[in-house]
There are 2 protein chains.
Amino acid sequence: MNAAGLKKGLKATGRRVTRTRQAVLGLLERTPQPLSATEIFEQLQKENVAIDLVTVYRTVHVLKELGLVAQIELHHEGQARYEIKEGREHHHHIQCQMCGAIVDLLLCPLKKITKLIESQTKFVVDDHTLEFTGLCPRCQ
Amino acid sequence: MNAAGLKKGLKATGRRVTRTRQAVLGLLERTPQPLSATEIFEQLQKENVAIDLVTVYRTVHVLKELGLVAQIELHHEGQARYEIKEGREHHHHIQCQMCGAIVDLLLCPLKKITKLIESQTKFVVDDHTLEFTGLCPRCQ
DNA sequence: TCATCTATTGCAAGTGTATTGCAATTATCA
DNA sequence: TGATAATTGCAATACACTTGCAATAGATGA
Ligand SMILES: [Mn+2]
Ligand SMILES: [Mn+2]
Ligand SMILES: [Zn+2]
Ligand SMILES: [Zn+2]
């Protein structure tokens, strides 16, 4: 686990290194797909880590602030998901409408387009979301 | 108002042409930016059109099914928005993080990329979301 | 035009995700 | 180890959206 990064980030912001923060970060690190708060809660329960769902929400919030975790909002899911940023490039996702499978897309085609949008709209672009839905090979 | 399209679509699916459906469609047609269910509700109240918020939700659902209205999910807004499809190309949006202003982007750069994603992932892509956030000229 | 049928509506209640208040707990450090 | 303050769990709350059901109102045809 990236315990060093966690500890450093927490210390730097006057926060404490706790079992639950380590447990949530550890779970996200060993899970390849992005997890919702409820899924984090349920998985940790299975692993006999005592944690409240409220604490999961507060923990992912902190991990996001420290830049260790990214929050993902998939099309029509009605819940946020979280995944580790450490060692992974900025990327997007495709989700199967049938089975819900989520696959990473290892490209982001938007860098050039962002410049174009800035010149067209006079906005300063800060962020973007780009998510696809479709049918995975098994569900076609 | 596209009363003809509405009537035709409703008849074709065994539904009825009602005051509220006409009122919601009419409001969306004369509003340039996408509206949330609550905004539709509040605006119609102002115009002395009696309608319940529940009915707004049910109505936008029907208008979506008829293909007359598009549902938009902006980054971190926590609510859906609706806009007329009639006479408008498929497009995306940019929203100002400060004042909430929403501006249409009159391009969709994803047609070629979709092919690439399909060949990379073996998914059949059905849909995508692409939304930007930033600061509008007034809020910079 | 009117009666009948049934889709639609309004109201109340319910869902699901996420947030907040507060007292109890626990990490940190002298 | 004890003092301090951050963190946690629990209960309550917020908010978008949905559902059940009886009342209302379009559509149809006599
Ligand atoms: Mn990912
Ligand atoms: Mn638009
Ligand atoms: Zn990107
Ligand atoms: Zn597009």
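Numbers restart at 1 for each chain; the letters A, B, ... are given by sequence-line order, proteins then strands. This is a predicted model, so every value here is computed, not measured.
Hydrophobic clustering of Ile, Leu, Val, Met, Phe, Trp and Tyr side chains at less than 4.5 Å, counting indirect connections, keeps A:L74 apart from B:I117. The hydrophobic clustering, which links ILVMFWY residues whose side-chain heavy atoms are closer than 4.5 Å, places B:I113 and B:L107 together.
Minimum atom distance to the side chain of A:T55 is reached by D:dT8, of the listed C:dT9, D:dT8, C:dA18. Distance from the side chain of B:V54 is smallest to C:dC11 among C:dC11, C:dT20, D:dA27.
Atom CZ of A:R19 is separated from atom P of C:dT25 by 16 Å (rounded to the nearest Å). The separation between A:L63 atom CG and D:dT7 atom C1' is 14 Å, rounded to whole Å. The separation between B:R16 atom CZ and C:dT4 atom P is 16 Å, rounded to whole Å. A:L10 has its CG atom 9 Å from the P atom of C:dT28, to the nearest Å. Separating the CG atom of A:D52 from the P atom of C:dC22 is a distance of 18 Å, rounded to the nearest angstrom. Protein atom CD1 of A:I51 is 15 Å distant from nucleotide atom C1' of C:dT26, rounded to whole Å. A straight line from CD of A:E39 to P of C:dA18 spans 11 Å, rounded to a whole angstrom. Between the C1' atom of C:dT15 and the CD atom of A:Q79 lies a distance of 13 Å, rounded to the nearest Å.
Contact annotation for B:L53: no contact, since no heavy-atom pair falls under 4.0 Å across all strands.
Contact detail for A:Q22 and A:M1: the closest heavy-atom pair is O-SD, 3.3 Å.
OP1 or OP2 of C:dT9 has at least one side-chain nitrogen or oxygen of B:T18 nearer than 4.0 Å. Note on A:Y57: every side-chain N or O is 4.0 Å or more away from OP1 and OP2 of C:dT19.
Toward the 5′ end of DNA chain D lies the nearest nucleotide of A:R21, the other residue of the pair A:R21 and B:R81 mapping further downstream. Heavy-atom distances to DNA chain C give each of A:A37 and A:R58 a nearest nucleotide, and the one nearer the 5′ end belongs to A:A37.
Ring centroid separation for the pair A:H90 and A:H128 comes in under the 6.0 Å cut-off.
To the nearest 0.5 Å, atom CG of residue B:L53 and atom CD of residue B:Q45 are 9.0 Å apart.
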